[in-house]
Amino acid sequence: MSTTAAAVAWEAGKPLVIEEVEVDPPQAMEVRIKIKYTSLCHTDLYFWEAKGQVPLFPRIFGHEAAGIVESMGEGVTDLQVGDHVLPVFTGECKECAHCKSEESNMCELLRINTYRGVMLNDGKSRFSINGTPINHFLGTSTFSEYTVVHSGCLTKIDPSAPLDKVCILSCGISTGLGAALNVAKPKKGSSVAIFGLGAVGLAAAEGARIAGASRIMGVDLNPKRFEEAKKFGVTEFVNPKDHNKPVQEVIAEMTNGGVDRSIECTGHIDAMISAFECVHDGWGVAVLVGVPNQDAVFKTNPMNVLNERTLKGTFFGNYKPRTDLPSVVHMYMRKELELDKFITHRVTFSEINKAFDYMIKGESLRCIISMEE
Ligand code: NAD
Ligand code: ZN
């Protein structure tokens, strides 16, 4: 195996083109995997549009996926050919201060890096077309039949887990779920506002429901989202467009001073500020999950913080991918977490651009892209 079909983004915002791409063998600590299913997350879309992000092209996007180990480089001891794996955009070396800390999942070596288009081992790409290197994305580049990933960014999972479902646990769903269960930690009977009712936000709503929150308020600009969100335990809806005052004031009025917790899953700076300002003083905690534009600035009056509100942020819901993700897969296997309701569309690899259209139009939660036609 030396060439593979991969969906290459040649230019910002232009449809991906399926190309025959050379994929080099894995180097030390790297693994080459065969992707079985991948899905589109909004983070792919931001970097493909490259409107608020640094453009880096040509590039192979994709970071939410499930696959099978094809070959391994030197030094990989905890995986074998044939293992079922989820690639994760932020890794776990298991040796650094972050990996050893109970609190952090921000691995020193393998934490998310949106700017890097090469592998760590030699600072080069494993993908090329006629000698032209193609950039990696988030160390995963899953819009390819075969891809090379650092072994610290691969979670070995139960081989009986259906890959066409659990692929969405490799980013969006675990991120939202963990943002609620591990970071916001709402108490039983509490109120939670969720900003952005895409897959990440709805997974956060699911987490809030599992934690026992009794009021789950969904905030979105797209009214189509509200009907769908009822399936995820969202009890009330607020569309900022329906009000002529800031949404944080609307929420404060609905909740006698503010919600106990809020979780922002939009990537928009105004929503981030509203999500912080809508939590109750004295105890409220807001958690930022959305990926902001590179030049976004968070502005709030410091009194909002002095009045004992807490602002937090998280990547991947604070889960350590290799240590914690298998337990999220088991939540699904034990039927404590439903995944089907997040999967609104399915397409084949050659139709990958449709997945982008569905997300841009706000029609899809997750669109699964099957690598087998
Ligand atoms: P999505 O496009 O499916 O959903 C986003 C939702 O937010 C949409 O329903 C949209 O209508 C709504 N929205 C947009 N602007 C809004 C505003 N100002 N107020 C209220 N609602 C608004 O996206 P997704 O895949 O669910 O991802 C959500 C966000 O999470 C993205 O920013 C993505 O980059 C980010 N993300 C972060 C992590 C992490 O680890 N921190 C992981 C995955 C995704
Ligand atoms: Zn993602």
Side-chain angles (χ1 to χ4, degrees), residues 38-49 52-53 61-65 86-90 105-106 111-112 114 137-140 142 167-179 182-183 193-206 217-229 232 234 237-243 246-248 250-251 262-275 278 287-294 296 312-319 321 342-345 355-367:
T38 182
S39 45
L40 181 67
C41 166
H42 211 126
T43 311
D44 296 304
L45 201 73
Y46 293 141
F47 285 84
W48 166 76
E49 286 177 329
Q53 309 296 347
F61 287 104
H63 63 280
E64 203 173 87
L86 302 183
V88 181
F89 64 86
T90 196
N105 68 341
M106 298 299 297
R111 71 168 63 176
I112 180 172
T114 56
F137 180 60
L138 301 184
T140 50
T142 60
C167 59
I168 61 172
L169 291 176
S170 106
C171 176
I173 309 310
S174 302
T175 294
L177 188 74
N182 304 332
V183 190
I194 310 281
F195 285 70
L197 302 174
V200 177
L202 291 173
E206 197 75 352
M217 309 169 75
V219 183
D220 205 299
L221 301 171
N222 176 356
K224 279 193 272 182
R225 289 283 187 231
F226 296 148
E227 200 45 48
E228 202 150 32
F232 297 82
V234 180
F237 299 96
V238 183
N239 189 336
K241 285 187 196 158
D242 294 344
H243 302 272
V247 65
Q248 51 270 49
V250 176
I251 293 173
S262 75
I263 305 173
E264 177 281 329
C265 307
T266 72
H268 287 265
I269 189 65
D270 296 345
M272 293 182 184
I273 294 167
S274 302
C278 80
V287 178
L288 306 187
V289 177
V291 173
N293 276 359
Q294 56 170 344
K312 292 184 166 193
T314 178
F315 277 113
F316 202 53
N318 203 236
Y319 287 118
F342 289 99
I343 301 170
T344 52
H345 296 73
F356 284 70
D357 291 342
Y358 296 141
M359 184 168 271
I360 291 165
K361 290 186 189 142
E363 287 173 4
S364 59
L365 291 175
R366 280 301 187 254
C367 177

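For ligands, and for the atoms within them, numbers begin at 1 and follow the listed sequence.
- Close approach to Cys171 involves these atoms of ligand 1, each under 4.0 Å from a residue heavy atom: 42 (C), 43 (C).
- The protein non-hydrogen atom at the shortest distance from atom 37 (C) of ligand 1 is Val289 O, 3.0 Å.
- Neither the backbone nor the side chain of Leu45 has any atom closer than 4.0 Å to an atom of ligand 1 (non-hydrogen atoms only).
- Protein heavy atom at the shortest distance from atom 14 (C) of ligand 1 is His268 CD2, 3.8 Å.
- Taking every non-hydrogen atom of Phe316 and a distance limit under 4.0 Å, the qualifying atoms of ligand 1 come out as 39 (C), 40 (O).
- In this structure, SG of Cys41 and NE2 of His63 enclose an angle of 110° at the Zn ion (ligand 2), rounded to 10°.
- Residue Arg366 touches ligand 1 through its side chain alone, judged by heavy-atom distances below 4.0 Å.
- The closest protein non-hydrogen atom to atom 32 (O) of ligand 1 is Tyr46 OH, 2.8 Å.
- Close contacts of ligand 1 with Gly267, meaning ligand atoms under 4.0 Å from a residue heavy atom, involve 32 (O).
- The nearest protein atom to atom 34 (O) of ligand 1, hydrogens excluded, is given as Thr43 OG1, 2.8 Å; this is a heavy-atom distance.
- Considering only non-hydrogen atoms, atom 26 (O) of ligand 1 lies nearest to Val200 out of Thr266, Val200, Ile112.
- For atom 3 (O) of ligand 1, the closest non-hydrogen atom on the protein side is Gly198 CA, 3.5 Å.
- Against a heavy-atom cut-off of under 4.0 Å, Cys265 is close to the following atoms of ligand 1: 5 (C), 28 (C), 29 (C).
- In summary, the side chains of Thr266 and Glu264 do present a donor paired with an acceptor at a separation below 3.5 Å, with no hydrogens or angles considered.
- On a distance-only criterion, Asp220 and ligand 1 share at least one N/O pair closer than 3.5 Å.
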